[in-house]
Amino acid sequence: MPRAGLTTDRLVRAGAELADEVGFDQVTVSALARRFDVKVASLYSHLKNSQDLRTRIALLALEELADRAADALAGRAGKDALAAYADVLRDYARRHPGRYAAARLPLDPETAAASAGGRHAQMTRALLRGYDLAEPDQTHAVRLLGSVFHGYISLELAGGFSHSAPAPEETWTWVLDRLDALLRGTPAS
């Protein structure tokens, strides 16, 4: 019988908070049980195992990111859309590092297809419409943006840019300017 007050949604949200506090790789059903001061067995009526918990946190993170990105992209095009999307990813990663890591969790094809990951792909392609790219250049651009954004954010979260000038914010702006120029097919100033 499920423990009163515990629901799958509550457990997943608590797991996401735990991920932000201790790191996504440290999230387990056992750690979550300790957080609620319950026995691990009492969580198994809501979660199959730690992998199920981690997958559900990944799905939550993808949904949260997609909602934030959709709000940020509304009514924007070109460089404004590019910067808004990139800033949503970076801000989310800073505020929710564990959830951000969860959003990178490889999902099986069926789970991925049902996730908000498709919304991310649609939004990336939508922001690229402002650059008038034909295929296969559009697909190359989607991969380029993902690589640059996630690579930069991951390095920054790991402290990779904290040791020297210029400030990471200045480099971030420089990167966005160069990406915009590249996508427009013009040299950066």
Side-chain angles (χ1 to χ4, degrees), residues 16 19-20 24-25 54-162 164-189:
D20 289 337
F24 182 60
D25 57 340
R54 292 165 55 80
T55 298
R56 289 173 186 269
I57 295 168
L59 295 173
L60 172 68
L62 286 168
E63 190 71 35
E64 288 176 343
L65 266 169
D67 290 345
R68 285 172 172 80
D71 288 345
L73 286 171
R76 296 178 190 245
K79 185 178 178 190
D80 286 340
L82 177 72
Y85 186 70
D87 288 344
V88 162
L89 294 174
R90 188 171 179 227
D91 182 62
Y92 188 82
R94 288 170 159 181
R95 292 175 189 259
H96 303 290
R99 293 179 206 207
Y100 180 78
R104 312 273 42 91
L105 181 72
L107 302 171
D108 66 76
E110 184 178 323
T111 303
S115 78
R119 287 177 57 203
H120 289 276
Q122 290 170 346
M123 284 185 276
T124 305
R125 287 188 181 275
L127 81 83
L128 287 171
R129 280 190 218 114
Y131 293 101
D132 196 33
L133 297 172
E135 285 298 346
D137 289 343
Q138 190 177 87
T139 297
H140 296 318
V142 168
R143 292 172 181 168
L144 171 70
L145 294 180
S147 299
V148 171
F149 296 156
H150 296 300
Y152 189 96
I153 291 166
S154 295
L155 289 169
E156 184 178 33
L157 286 176
F161 306 132
S162 61
S164 64
E169 192 61 41
E170 185 178 335
T171 302
W172 182 251
T173 301
W174 184 90
V175 166
L176 295 176
D177 288 344
R178 295 319 181 270
L179 286 172
D180 175 64
L182 175 68
L183 294 171
R184 283 187 288 113
T186 59
S189 57

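Minimum interatomic distance between Ile57 and Ala16 (heavy atoms only, all atoms of both residues): CD1-N, 3.8 Å. The minimum heavy-atom distance linking Asp20 with His96 is given by the pair OD2-ND1, 2.9 Å. Leu82 and Asp180 get closest at one heavy-atom pair: CD2-N, 3.8 Å. Residue Leu183 comes nearest to Ala141 through the heavy atom pair CD2-CB, 3.8 Å, listed as atom of the first residue, atom of the second, then distance. Minimum interatomic distance between Ala102 and Ala58 (heavy atoms only, all atoms of both residues): O-CB, 3.1 Å.
Once rounded to the nearest 0.5 Å, the distance linking CG of Leu144 with OG1 of Thr139 reads 12.5 Å. To the nearest 0.5 Å, atom CG of residue Leu62 and atom OG1 of residue Thr111 are 11.0 Å apart. Between the CD1 atom in Ile153 and the CG atom in Leu89 there is a gap of 5.0 Å [rounded to 0.5 Å].
Legend: side-chain hydrogen bond (donor to acceptor under 3.5 Å, both in side chains) pairs involving residues 56-68, not counting sequence neighbours, sorted by first then second residue: Asp52-Arg56, Glu63-Arg119, Glu64-Tyr92, Glu64-Arg99, Asp67-Arg119. Within the structure, ring pair (Phe, Tyr, Trp, His ring centres under 6.0 Å) pairs that include any residue of residues 116-144 do not occur (at least two apart or interchain). Annotation: salt bridge (Lys or Arg N to Asp or Glu O under 4.0 Å) contacts involving residues 75-85, sequence neighbours excluded, comprise Lys79-Asp177. Within the structure, the side-chain hydrogen bond (donor to acceptor under 3.5 Å, both in side chains) test picks out the following pairs touching residues 143-155 (sequence neighbours left out): Tyr100-His150.
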Item to check | CA sep, side-chain torsions, deciding dist, call: Leu59, Leu107, side chain to side chain contact (heavy atoms under 4.5 Å, CB included) | outcome: CA-CA 9 Å; Leu59 295 173; Leu107 302 171; 4.0 Å; yes
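Looking at Arg54, its side chain does come within 3.5 Å of a backbone N or O of Phe24 through a donor-acceptor pair.
For the pair Leu73 and Val88, the minimum side-chain heavy-atom distance is 4.5 Å or more. Between Glu135 and Gln138 the shortest side-chain heavy-atom distance falls below 4.5 Å. Residues Asp132 and Arg184 have side chains not in contact (no heavy-atom distance under 4.5 Å, counting atoms from C-beta outward).
Applying the ring pair (Phe, Tyr, Trp, His ring centres under 6.0 Å) rule to Tyr85 yields no partners; only residues at least two apart in sequence or on another chain are considered. Considering only residues two or more places apart in sequence or on other chains, Arg94 meets the side-chain hydrogen bond (donor to acceptor under 3.5 Å, both in side chains) condition with Glu156.
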